Visitor: 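Structure below; questions to follow.
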2 protein chains.
Amino acid sequence: MKRRNTPTKEAVLDVLITTGKAMSQDAIEREIDININRATIYRVLNRFCEDGILHRIVAEDGKQYFAMCINCDENPKPLYHFHFRCIKCETIECLPKEVNFSLPKDYLIENVNCVLSGVCKDCSQLAI
Amino acid sequence: MKRRNTPTKEAVLDVLITTGKAMSQDAIEREIDININRATIYRVLNRFCEDGILHRIVAEDGKQYFAMCINCDENPKPLYHFHFRCIKCETIECLPKEVNFSLPKDYLIENVNCVLSGVCKDCSQLAI
DNA sequence: TTATTATTGCGAATATGTTGCAATAATATG
DNA sequence: CATATTATTGCAACATATTCGCAATAATAA
C-alpha cells in the first residue's frame, strides 16, 4: 500500500512541525485553515504513526496526542522520553529526558507511555 | 460532605484488594457479584481517589484504572511508581519501581502517569 | 423514630476514536 | 495527454468510556 501525497497530510505535518509539541486531533483541526474531516485527520495521524513519522502519547485526560518522532526540533530525544502536559495551556511537549526503568524477570516490554503533568514554565510565569 | 458506608463501596474495595492490581470500571463490575450501576461505580472510584484511598492510572488504551494506594500489598510502593500493563491478560500492576525524573526550571509538577506495556511474566511463560 | 443528606439507579448526554461505503483524486502506465 | 488503478477522503453511523441531572433510597445523626 503505497502512500500518496495529499494536502491533508501536508497540513497536518505542517502544524505539528511548527508547533513543535504533541497535539490532539481537535487541536490540530483547530489550527489547520482548510477544512478536514475528523475521521480523515485520525487516519492520517494513524498512518504517520505506522510509518514511524509520528509517535503517539496518551495523556491522563485519556486523549491521544501526536508528536514528531525523535528529532522534533534541534535536540534529538531518546527513544523513550518523558512528556510534559501543561494543565493550563493544554499542550504536551517532549522532554529531552530518557525514561529509565527496569522490569522484573520474564517481562517483555513493548511500549512506554510516561506523562508528567503540571504547569509549564510559560504558564507558571504568567501566574506571577 | 461526610462519607457513608455502603455495600457498593465495600464491594469495590474488596475486589481491588483481593485482585491486588489496577482495574477498570468494567473489570470491577464483572468481578462484583451484586449488581451495581456503572455510574455508581465511577462515582465510588472517584470518591476513593479524592480521599487518597485509590490512585488512578490512565493506560495507553485511554481507559482509567484504579488501584489501592501505596500499600497495595506487602511491599510498599513509592509515591510515583511505574505501572505495567499486560497486553495479553489486560491487567495493570504497580511496579515497586520509583519514577525518577527532573523538570526544567519553572515547571511545576502535579501528577505522574507512567505506564510500561508489554507481556507480563505469567503470560510470557504461557507462550513458551 | 424521625430528619438530614449522602448515595444510588436510571436515562440521557458528551467526548473520543473507529469503520463501512461511495465519491474523489494522486499516481502510474500506455 | 488520456486512462486505469487504488489510496484517500467525507459522511454518517457506530462503539466505548465517562459524566450528569434528577428523583428515589438508605446511612447516619438527633
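A note on names: the letters A, B, ... follow the listed sequences, proteins ahead of strands, and every chain is numbered from 1. None of these values were measured; they are calculated from a predicted model.
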Visitor: Report the relative orientation of the aromatic rings in B/His55 and B/His81; use parallel for angles under 30°, tilted for 30 to 60°, perpendicular for over 60°.
Guide: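 B/His55 vs B/His81 ring planes: perpendicular.
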Visitor: Counting side-chain heavy atoms from C-beta on, which of C/dT27, C/dT7, D/dT8 comes nearest to A/Arg47?
Guide: D/dT8
Visitor: If I take atom CD in residue A/Glu50 and atom P in nucleotide C/dT18, what distance separates them, rounded to the nearest angstrom?
Guide: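 Interatomic distance, CD of A/Glu50 to P of C/dT18: 11 Å.
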Visitor: Applying side-chain contact (heavy atoms from CB on, under 4.5 Å), run through A/Glu31 and A/Thr18 and close with a yes or a no.
Guide: CA-CA 11 Å; A/Glu31 289 299 314; A/Thr18 55; over 6 Å; no
Visitor: So, does B/Thr6 get its side chain near the phosphate of C/dT8, meaning an N or O under 4.0 Å from OP1 or OP2?
Guide: yes
Visitor: Enumerate all atom pairs, one protein N or O and one N or O from nucleotides 16-22 of chain D, separated by less than 3.5 Å.
Guide:
residue	atom	partner	partner atom	Å
D/dA17	OP1	B/Lys63	NZ	3.3
D/dT18	OP1	B/Gln64	N	2.7
D/dT18	OP2	B/Tyr42	OH	2.3
D/dT18	O5'	B/Tyr42	OH	3.2
D/dT18	O4	B/Arg38	NH1	3.0
D/dT19	OP2	B/Asn46	ND2	3.3
D/dG21	O6	B/Arg43	NH1	3.3

Visitor: Phosphate oxygens OP1/OP2 of C/dT8: is one of them under 4.0 Å from a side-chain N or O of B/Thr8?
Guide: yes
Visitor: Base, sugar-phosphate, or nothing: which does A/Thr40 touch, judged by heavy atoms less than 4.0 Å apart?
Guide: base
Visitor: Going through the checks in order, is the side-chain contact (heavy atoms from CB on, under 4.5 Å) test met by A/Val12 and A/Phe66?
Guide: CA-CA 10 Å; A/Val12 168; A/Phe66 301 85; over 6 Å; no
Visitor: How close or far is atom C1' of C/dT24 from atom CD1 of A/Ile36, stated in whole angstroms?
Guide: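 It works out to 15 Å between those atoms.
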Visitor: For the pair B/Arg56 and B/Asn46, evaluate side-chain contact (heavy atoms from CB on, under 4.5 Å) and give the outcome as yes or no after the intermediate values.
Guide: CA-CA 9 Å; B/Arg56 183 193 321 261; B/Asn46 285 334; 3.0 Å; yes
Visitor: For the pair B/Ser124 (side chain) and A/Asp106 (backbone), establish whether a donor and an acceptor sit closer than 3.5 Å, ignoring hydrogens and angles.
Guide: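 Yes, B/Ser124 side chain to A/Asp106 backbone: donor-acceptor pair under 3.5 Å.
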Visitor: With a 4.0 Å cut-off on heavy atoms, is A/Asp61 in touch with a base, just the backbone sugar-phosphate, or nothing at all?
Guide: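 The residue A/Asp61 makes no contact with any strand.
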Visitor: Once you round it to whole Å, what is the distance between P of C/dA15 and CD of A/Glu90?
Guide: 14 Å
Visitor: Give the nucleotide from the list D/dT28, C/dT8, D/dT8 with an atom nearest to the side chain of B/Asn5.
Guide: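 Nucleotide nearest to B/Asn5's side chain: D/dT28.
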Visitor: Take the protein atom CD of A/Glu29 and the nucleotide atom C1' of C/dG17, then report the distance between them rounded to whole Å.
Guide: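 In whole Å, C/dG17 C1' and A/Glu29 CD are 13 Å from each other.
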Visitor: Quick one: is A/Lys2 getting a side-chain N or O under 4.0 Å of the C/dA28 phosphate, OP1 or OP2?
Guide: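 Indeed, a polar side-chain atom of A/Lys2 lies that close.
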Visitor: Taking A/Arg85 first and then A/Glu93, would you say they form a salt bridge - that is, a charged N and a carboxylate O separated by under 4.0 Å?
Guide: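 Not counted as a salt bridge, because no side-chain N and carboxylate O are separated by less than 4.0 Å.
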Visitor: Rounded to whole angstrom units, what separation is found between the CG atom of B/Leu45 and the P atom of C/dT7?
Guide: 14 Å
Visitor: Without decimals, in angstroms, what is the distance between B/Ile41 CD1 and C/dC10 C1'?
Guide: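 The distance from CD1 of B/Ile41 to C1' of C/dC10 comes to 14 Å, rounded to the nearest Å.
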Visitor: Which sits closer to the 5' end of DNA chain D, A/Lys9 or B/Arg4, going by the nucleotide each is nearest to?
Guide: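 Nearer the 5' end of the strand: A/Lys9.
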Visitor: I need the CD-P distance between A/Glu10 and D/dT8, as an integer number of Å.
Guide: 13 Å
